[in-house]
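So you know, we letter chains A, B, ... as the sequences are listed, proteins then strands, and number each from 1. What you see is a predicted model; the values in this text were computed from it and never measured.
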Amino acid sequence: MSLVLTLASRNLFHDRLRFVATMVGIVFSVVLVMIQMGLFLGFGRMVTTMIDHASADFWILPKGAKCFEDPSLLDVKLRDRVATMEGVSWAVPLVIGFSDWRLESGEVTPVFIVSADLRDGSLQPFNVVDGNVQALTQGANVAVDRSYFDRLGVSSVGSTAEIRGRKVRVVAITDGIRSFATTPYVFVDLKNARNYTGTPRDRASSVLVRLKDDADREKVLSAIRAEAGDAEVLTSDDFRSRSRSFWLFGTGAGAALFAGALLGVIVGTVIVAQTLYSSTKDHLSEFATLRAMGSSNAYIYGVIIYQALINAVVGFAIAAGIGFIVVQMTAKSALPIVITPWLMAALFALTVVMCVASGIGAIIRVVRIDPATVFMR
Amino acid sequence: MNDYVVEAKSVEKTLGRGAGEVQALRGVDLALRRGELTLLMGPSGSGKTTLLLVLGCMLTPSSGSVTVCGTPTAGADKEALARIRREHVGFVFQSYHLFPTLTAAQNVQLALDIRGEHGRRAAEKSREALAMVGLEPKANSLPGGLSGGEQQRVAIARALVANPSVVLADEPTGALDGKNGQTIMRILADTAHERERAVLVVTHDPRVVPYADRIVEIEDGLIVQERPGETDRPRMPKTVPFRM
Ligand SMILES: Nc1ncnc2c1ncn2[C@@H]1O[C@H](COP(=O)(O)OP(=O)(O)OP(=O)(O)O)[C@@H](O)[C@H]1O
Ligand SMILES: [Mg+2]
């Protein structure tokens, strides 16, 4: 094995304090980027939860609807026409919207109403941990998520509250249906959803369409489009990416996360560049000696780049450990940080690039050394 | 091809700029031969180090020419000069310039490493070079744990391990006491005589004179005297090229 690695590691570990400072810089930077990007992924996943859990083939939406939560409405007559079209298995209207939830204590809190449809593949409460969703079809029954128990003032199946003056009863409890907007989702049946959100009978927020197994997707899609007039017809995938780009980029949330990540990269690069540069300056006479001995510049760059790589590998390992803990800690929170293998790989590549780029300053310094200085003293 | 390993002709060298400009060499002719130990002596500031650096391709002459092992150095860029040093020149510095974080053996091996020689063979060669200067038992010591004389022996092993044609030493005994200085000079003389290298030693120290085959006196950037040393070596050594 070449001594380049030995020399690089000795240069690094020789000055412990500087090595610790370098690690703090890299770890801070990588963890910051990891959290920002993990939030980005978590947020991106969260804003499409509802779309993900309805296995509809198409979504018919009011023109220009940007996301699942979009308040605009369309004419529900369209549903009847689409439902009878060839290749369509079913088409159901969906009604969503904000409403007020009055706790038994009298306090009022905003909730987000979602009309549930119990047909297979339509949108209904998922991750049910207690109660029975079938009961939603009767009376003023609701399904809520247990992460909002405190907020909604309920504690189990059978708890009661009021929505817009009507008494409601919890019949099913889900786990992990959280809203990034922090307003709790409340599932009710379609008729109640209209009442609670004040949506007229002839209107709906959207229409979910499920095709027959043997239907020709493209053909049906264009047929529905022809029928839909002003309304838009999107596949689930299209709707997902539209929602994601609206929340992440239309609102500036994504830009803010990326700005945070960029800041992390800049801070990390500056710190590593600084410590590598000062380490190189301290070892300048050694580099000059190498040069006097006849070493090529490439060999000397090798030492510096290995130093950068050791920094990257050790720093990344520590940061990954911290990232793992953060993921565990936020898993049950309102906005979980999601770290995928791809994100990890990209972060490692970023760390390596950041550290090696940081070595440029040191390399520029080292190119300028004149080996004659070793003698001329 | 002649017998000269390094040959300098009409070398002038100006150092510094503007008001601080100094003409350190003013037309020097000097050739180093295989198998010969040359002493370069002269007062402080006379240009000894400058000449050594020009001969070793660390400084380029302002005018005149330097040829190393038949290769003219005129017009060579920094990287090409480094390559000539790597292939032909071994340096020994007054203040050793060992790497403090590497062991004695690793310091020696570094000279092979920069030449692309790695692995077990390189490690063995380094041990042999250390044995040659009598330091094998200290192979795993760090420079900080060695005496000045021992450190200089490591530095010599490092200069010799890759078999350079010429060894240039700038005051190698300058920081050593008499006994250690003698050891170092003995090794350098053996390098010249037994291993057929060209060796140039810059010195102030009259105690090293007995080791010289030839003594060159420099004053104010000019060679003022050249005389045979006190060894009984022939002025023109054998011409058999020697390779390890
Ligand atoms: N970088 C420089 N700029 C200007 N002048 C320099 C520079 N380096 C050396 N000199 C001058 O060049 C002359 C020759 O210096 P050199 O180091 O070769 O002398 P030396 O014979 O080795 O001296 P010493 O015995 O003190 O080592 C001196 O006058 C010195 O002051
Ligand atoms: Mg000098």
K.L.:
Between Asp113(B) and Leu3(A) (side chain of the first, backbone of the second, donor and acceptor by atom type, cut-off under 3.5 Å), is there such a pair?
P.N.:
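Pair found, side chain donor or acceptor close to backbone of Leu3(A).
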K.L.:
Report yes if the side chains of His97(B) and Met293(A) come closer than 4.5 Å at any heavy-atom pair, otherwise no.
P.N.:
no
K.L.:
Where does Leu52(B) contact chain A at under 4.5 Å (heavy atoms): side chain, backbone, both or neither?
P.N.:
side chain
K.L.:
Quick one: which of Glu286(A), His14(A), His283(A) has the most heavy-atom pairs under 4.5 Å with chain B, could you say?
P.N.:
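Max contact count across the listed options: Glu286(A).
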K.L.:
Verify the neighbour count for atom CZ of Phe43(A): are there more than 12 heavy atoms of other residues, nucleotides or ligands below 6.0 Å?
P.N.:
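It does: Phe43(A) CZ has more than 12 such atoms within range.
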K.L.:
Which distance, rounded to the nearest 0.5 Å, do you find between the CZ of Arg291(A) and the CZ of Arg86(B)?
P.N.:
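Between atom CZ of Arg291(A) and atom CZ of Arg86(B) there are 8.5 Å.
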K.L.:
Within a 6.0 Å radius of atom CZ on Arg45(A), are there more than 12 heavy atoms belonging to other residues, nucleotides or ligands?
P.N.:
no
K.L.:
Between Ser295(A) and Ala82(B), which heavy-atom pair has the shortest distance, and what is it?
P.N.:
O-CB, 3.8 Å
K.L.:
Counting heavy-atom pairs under 4.5 Å to chain A, which of Leu102(B), Leu59(B), Thr50(B), Val89(B) comes out on top?
P.N.:
Leu102(B)
K.L.:
May I ask you to decide if Ala292(A)'s main-chain N or O and Arg85(B)'s side chain share a donor-acceptor pair within less than 3.5 Å?
P.N.:
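Pair found, side chain donor or acceptor close to backbone of Ala292(A).
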K.L.:
For a quick test of reading the model, state the closest non-hydrogen atom pair linking Asp370(A) to Met58(B) and the distance between them.
P.N.:
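Asp370(A) and Met58(B) have their closest heavy atoms at OD1-O, 4.4 Å.
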K.L.:
Mind checking the CG-CD1 spacing from Leu7(A) to Ile114(B)? Nearest 0.5 Å is all I need.
P.N.:
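If we round to the nearest 0.5 Å, Leu7(A):CG and Ile114(B):CD1 are 11.5 Å apart.
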K.L.:
Counting neighbours of NZ on Lys13(B) that are heavy atoms of other residues, nucleotides or ligands and sit closer than 6.0 Å, is the number greater than 12?
P.N.:
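Yes, because the 6.0 Å sphere around NZ of Lys13(B) holds more than 12 heavy atoms from other groups.
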K.L.:
Less than 4.5 Å to any heavy atom of chain A: does that hold for the side chain of Ile84(B), its backbone, both, or neither?
P.N.:
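No part of Ile84(B) comes within 4.5 Å of chain A.
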K.L.:
With respect to Thr289(A), which candidate in Phe99(B), Tyr96(B), Phe91(B) satisfies the side chain to side chain contact (heavy atoms under 4.5 Å, CB included) definition?
P.N.:
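For Thr289(A), the side chain to side chain contact (heavy atoms under 4.5 Å, CB included) test succeeds with only one of Phe99(B), Tyr96(B), Phe91(B), which is Phe99(B).
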K.L.:
Report the option among Leu112(B), Leu98(B), Leu15(B), Leu110(B) that has the most heavy-atom pairs separated by less than 4.5 Å from atoms of chain A.
P.N.:
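Of the options given, most contacts go to Leu110(B).
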K.L.:
Measure the spacing between OG of Ser2(A) and CD of Glu117(B) and express it to the nearest 0.5 Å.
P.N.:
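Separation between the atoms: 12.0 Å.
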K.L.:
With a 4.5 angstrom heavy-atom cut-off, is it the side chain or the backbone of Val367(A) that approaches chain B, or both, or neither?
P.N.:
backbone
K.L.:
Count the heavy atoms of every other residue, nucleotide or ligand shown that sit under 6.0 Å from CZ of Phe324(A), and state whether that count exceeds 12.
P.N.:
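No.
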K.L.:
Counting only heavy atoms not in Glu124(B), do more than 12 fall under 6.0 Å of its CD?
P.N.:
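Yes.
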K.L.:
Test Arg83(B) against Ser296(A) for side chain to side chain contact (heavy atoms under 4.5 Å, CB included), laying out the working first.
P.N.:
CA-CA 7 Å; Arg83(B) 189 196 168 109; Ser296(A) 63; over 6 Å; no
K.L.:
Could you tell me which portion of Arg158(B) (side chain, backbone, both or neither) has an atom closer than 4.5 angstrom to a non-hydrogen atom of chain A?
P.N.:
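Answer is side chain: those atoms of Arg158(B) sit under 4.5 Å from chain A.
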